[in-house]
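Right, one structure below, let's go through it.
Throughout, residue positions are numbered sequentially from 1 according to the sequence presented.
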Amino acid sequence: MLVDPPNEKLLEKVSCSYELAVLVAQRARALVDGAQPLVDKKAANFVSLACQEVAADKVVSVAGDHKDEMFVPITRERREREAQARRKKEEEAQQQYEKLLNEEFVPVSESFDEDSSDAVATQINSLFEEIDENDIDTSADSIDDDEEV
């Protein structure tokens with residue numbers, strides 16, 4: 001039971017008891033989350049401190065149209081989960097970046113000049129000529145399935 005300030009004094013500040021409950025609850029949640037007290041009085045808990053702030057007219061309810069918007073405060077646990085997820089994502093990105101840095105890349109020229117492609121073609125043709133000269137049977141029929149290759 002709240003003694004200081006009395007409920008009658010608090011109900012004078014708002015239009016109904018429901019509005020008072022919501023106002024005090026929102027302010028108490030803000031105090032729990034680290035908001036600075038607006039009065040110098042000592043209080044047993046954050047709800048009592050929020051009631052004292054309402055009684056001193058430091059916290060007031062503002063009428064407005066709340067049909068179009070809804071505000072749901074982020075809880076401390078949700079903030080911690082989101083921060084942990086962000087840290088995990090950043091660590092994975094850092095690990096992927098380090099993995100890419102450690103890989104060896106073979107430089108590839110953007111275009112081949114005609115001289116080098118002609119040289120490669122000449123080497124391939126000479127290999128085929130050597131195969132023909134040595135009478136190596138490259139057909140698939142000559143390979144037995146039972147033989148080890």
Side-chain angles (χ1 to χ4, degrees), residues 1-128 131 138-141 143-149:
M1 177 193 231
L2 188 64
V3 178
D4 180 38
N7 285 337
E8 293 78 25
K9 183 176 180 184
L10 293 173
L11 286 172
E12 294 172 359
K13 307 290 183 180
V14 293
S15 60
C16 66
S17 59
Y18 175 75
E19 185 179 349
L20 175 64
V22 171
L23 180 63
V24 170
Q26 286 179 343
R27 181 59 184 160
R29 173 53 64 187
L31 290 167
V32 167
D33 287 342
Q36 295 297 316
L38 300 174
V39 294
D40 294 333
K41 297 180 181 179
K42 301 278 184 185
N45 54 41
F46 291 119
V47 174
S48 297
L49 184 58
C51 289
Q52 290 173 1
E53 291 178 349
V54 170
D57 290 328
K58 299 289 184 177
V59 176
V60 295
S61 177
V62 177
D65 183 19
H66 298 288
K67 292 178 184 175
D68 295 334
E69 63 183 59
M70 182 175 174
F71 174 73
V72 178
I74 297 176
T75 62
R76 186 176 305 150
E77 293 83 18
R78 181 174 171 192
R79 279 192 302 246
E80 289 172 358
R81 282 194 312 266
E82 289 174 354
Q84 186 177 13
R86 270 194 310 275
R87 282 192 300 270
K88 184 177 178 182
K89 197 173 189 179
E90 290 169 359
E91 288 173 3
E92 289 172 355
Q94 182 66 27
Q95 289 173 354
Q96 192 174 22
Y97 174 73
E98 289 173 0
K99 181 180 175 184
L100 287 174
L101 284 180
N102 293 333
E103 288 182 3
E104 292 184 21
F105 292 101
V106 177
V108 177
S109 63
E110 293 181 13
S111 63
F112 293 100
D113 56 342
E114 291 181 22
D115 294 337
S116 63
S117 63
D118 288 341
V120 170
T122 305
Q123 287 178 345
I124 291 173
N125 287 334
S126 65
L127 288 173
F128 281 126
I131 292 172
T138 58
S139 67
D141 297 336
I143 300 175
D144 244 356
D145 289 339
D146 297 340
E147 291 181 18
E148 291 185 22
V149 179

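- Here CD of Q95 is found 7.0 Å from CD of E92. Values are rounded to the nearest 0.5 Å.
- Distance check, rounded to the nearest 0.5 Å: SG of C51 to CG of N45 gives 8.5 Å.
- Each of V14, V59, V47, L49 was scored for a side-chain contact (heavy atoms from CB on, under 4.5 Å) with V24, with one residue passing: V47.
- Each of R78, Q84, R79 was compared with E82 under the side-chain hydrogen bond (donor to acceptor under 3.5 Å, both in side chains) criterion, and only R78 meets it.
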Verify side chain to side chain contact (heavy atoms under 4.5 Å, CB included) between R76 and D33, making sure each step is shown before the conclusion. CA-CA 8 Å; R76 186 176 305 150; D33 287 342; 3.5 Å; yes
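- Q96 CD: 12 or fewer foreign heavy atoms inside a 6.0 Å radius.
- Ion pairing between R87 and E91 fails under the 4.0 Å rule for side-chain N and carboxylate O.
- Smallest separation of non-hydrogen atoms from P5 and Q52: CD-CG, 3.9 Å.
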Test side chain to side chain contact (heavy atoms under 4.5 Å, CB included) applied to V39 and K58, step by step: CA-CA 8 Å; V39 294; K58 299 289 184 177; 4.0 Å; yes
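- Judged purely by distance below 3.5 Å, without hydrogens or angles, the side chains of Q94 and E90 never pair a donor atom with an acceptor atom.
- By the 4.5 Å heavy-atom criterion applied to side chains, K13 and D57 are counted as neighbours.
- The only member of L23, L38, V60 that meets side-chain contact (heavy atoms from CB on, under 4.5 Å) when paired with E53 is L38.
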